[in-house]
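Step one of this worksheet: look at the structure below.
Both ligands and their constituent atoms are indexed starting at 1 by order of listing.
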Amino acid sequence: MDLGVGNTFLEVDLGKIKANLNRIRGHIGEGCEVMPVLKANAAGMGFEGMGHFMADECSVRIVAVAQVFEAVKLREAGVDCKILVMGGVPYGNVHAAVEHGIHMPVFNREFAVLVNDEAKSQGNKVKLHTKMETGMNRIGVKPGRDLDRLVDYLKGLAGIEVVGVYSHLVESQAADKSFSHHQHGLFKEALSQLDSKGIEPRYIHLCNSAATVWFKEAHYTHVRPGRLVYGIDPNGDEKNGLGLEFPVKWYAFVTNLKEIEAGETVGYNRFFKANRSMKVATLSFGYGDGYNRNLVLKGGHVLINGKRAKFLDMCMDQSFVDVTAIEDVKLNDRAVLLGSDGEEEINLLDFSAMLGEGYMNAMAGIGGRVRRIYR
Ligand SMILES: *Cc1c(COP(=O)(O)O)cnc(C)c1O
């Protein structure tokens, strides 16, 4: 059954994703590859669809996700590039990860033994990336004695192969770059330790989006941007030096139009009270789609026929906007929740400000039943 665009849909312009990848490639130059980060559901754009597109149409050879669950979903969707899980892996996920040939981080013996045993029992060899602790104190092994011991130990495990080494910068967006340089110093120590033990990882990666832009000397074999790929330069909007484009528009539909009189109310518990006669449009989405009802109180709006229509209230699956001043609005017209419409625009920063969240959270929160349409 073709459900078409559903009640509400995100339209993702794949040409812009590809162009963003190519702009990043132009910036990092030959000898370094992009490992796009598909976390937060690829910034809400749908990680399976985006993974497919990047592997099939953009020559991406490795992507990064947060969890084994996501990696397995990508495999099931037929994405056949390499996949790295970046975060710590609960033991119950190891079997599936090994079965699907997923790259995982390693930073302690216990996990290495577990993976090694699983690899042996499946007759597989598992590729691991040594995760370095350089300042986040989340997951990782410190350079120096700890790394030495771990690497010596890993060498004795026939079921695993160390193919990568990485770390994560904790304040790469800050104006003061000194801690990033400090972390890079520790990372370099780790690289020379690995080198002295005869390990030459094919995947050496430190830079997230912000650092991909400014930290050229830390690019190594791969950069690991999330936001840049999705058209967002976290170094600040005005610093979008790579000319990246945000590829998403979010739409819903007008399902009803009505005139109400002064004194009538709208929504549950008579939430909105009209003090004049007005024209109200009902829209085909609600907070069940990942929108935040709080923005109703904050004067949030959508765009209809290129004009701003303020929310009056929002239910789980439907919402109400004031279209008194929009003359030509018709049943089944599109409402733009995010993106431009005529002269008006709700850009990502306005949108996340309305939702009162960071823009990645705002995008990641867009619900599963919002259809993703790729063009
Ligand atoms: C989220 C994340 C990234 C990508 O972050 P962006 O700032 O979106 O580029 C890269 N590496 C790790 C370990 C991450 O958690």
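When hydrophobic clusters are built by joining Ile, Leu, Val, Met, Phe, Trp and Tyr residues whose side-chain heavy atoms come closer than 4.5 Å, directly or via intermediates, Y166 is not grouped with L186.
Rounding to the nearest 0.5 Å gives a distance of 8.5 Å between CD1 of I17 and CG of D13. The distance from atom CG of L169 to atom NE2 of H181, rounded to the nearest 0.5 Å, is 10.0 Å. For the atom pair CD of E57 and CG of L14, the computed distance is 8.5 Å after rounding to the nearest 0.5 Å. Put simply, CG on N292 and CG on N361 are 11.5 Å apart, with the number rounded to the nearest 0.5 Å.
Inspection of the T255 and T282 side chains reveals no N or O donor paired with an N or O acceptor under 3.5 Å.
If you check which protein heavy atom lies closest to atom 12 (C) of ligand 1, you get H168 CE1, 3.3 Å. Nearest protein neighbour of atom 10 (C) of ligand 1, counting heavy atoms only, is R224 O, 3.3 Å. Closest to atom 9 (O) of ligand 1 among all protein heavy atoms lies S209 OG, 2.5 Å. When only non-hydrogen protein atoms are considered, atom 8 (O) of ligand 1 lies nearest to R227 N, 2.9 Å. Atom 5 (O) of ligand 1 has N208 CB, 3.9 Å as its closest protein atom, hydrogens excluded (heavy atom only).
Counting atoms of ligand 1 from 1 in the listed order, those under 4.0 Å from a heavy atom of K39 are 1 (C), 2 (C), 3 (C), 14 (C), 15 (O). Set against the non-hydrogen atoms of R138, the atoms of ligand 1 under 4.0 Å away are 15 (O). Close approach of ligand 1 to G226 (heavy-atom distance below 4.0 Å) involves ligand atoms 4 (C), 6 (P), 8 (O), 9 (O). Close approach of ligand 1 to P225 (heavy-atom distance below 4.0 Å) involves ligand atoms 9 (O).
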Exercise for review: Start with the C-alpha distance between F53 and K18, add both sets of side-chain angles, then the distance that settles side chain to side chain contact (heavy atoms under 4.5 Å, CB included), and finish with yes or no.
Suggested key: CA-CA 9 Å; F53 176 70; K18 191 173 197 170; 4.0 Å; yes
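The aromatic rings of H129 and H103 sit tilted relative to each other, their planes meeting at an angle between 30° and 60°.
Taking a 4.0 Å cut-off on heavy atoms, H205 fails to register as neighbouring ligand 1. Heavy-atom distances between P234 and ligand 1 stay at or above 4.0 Å for every pair.
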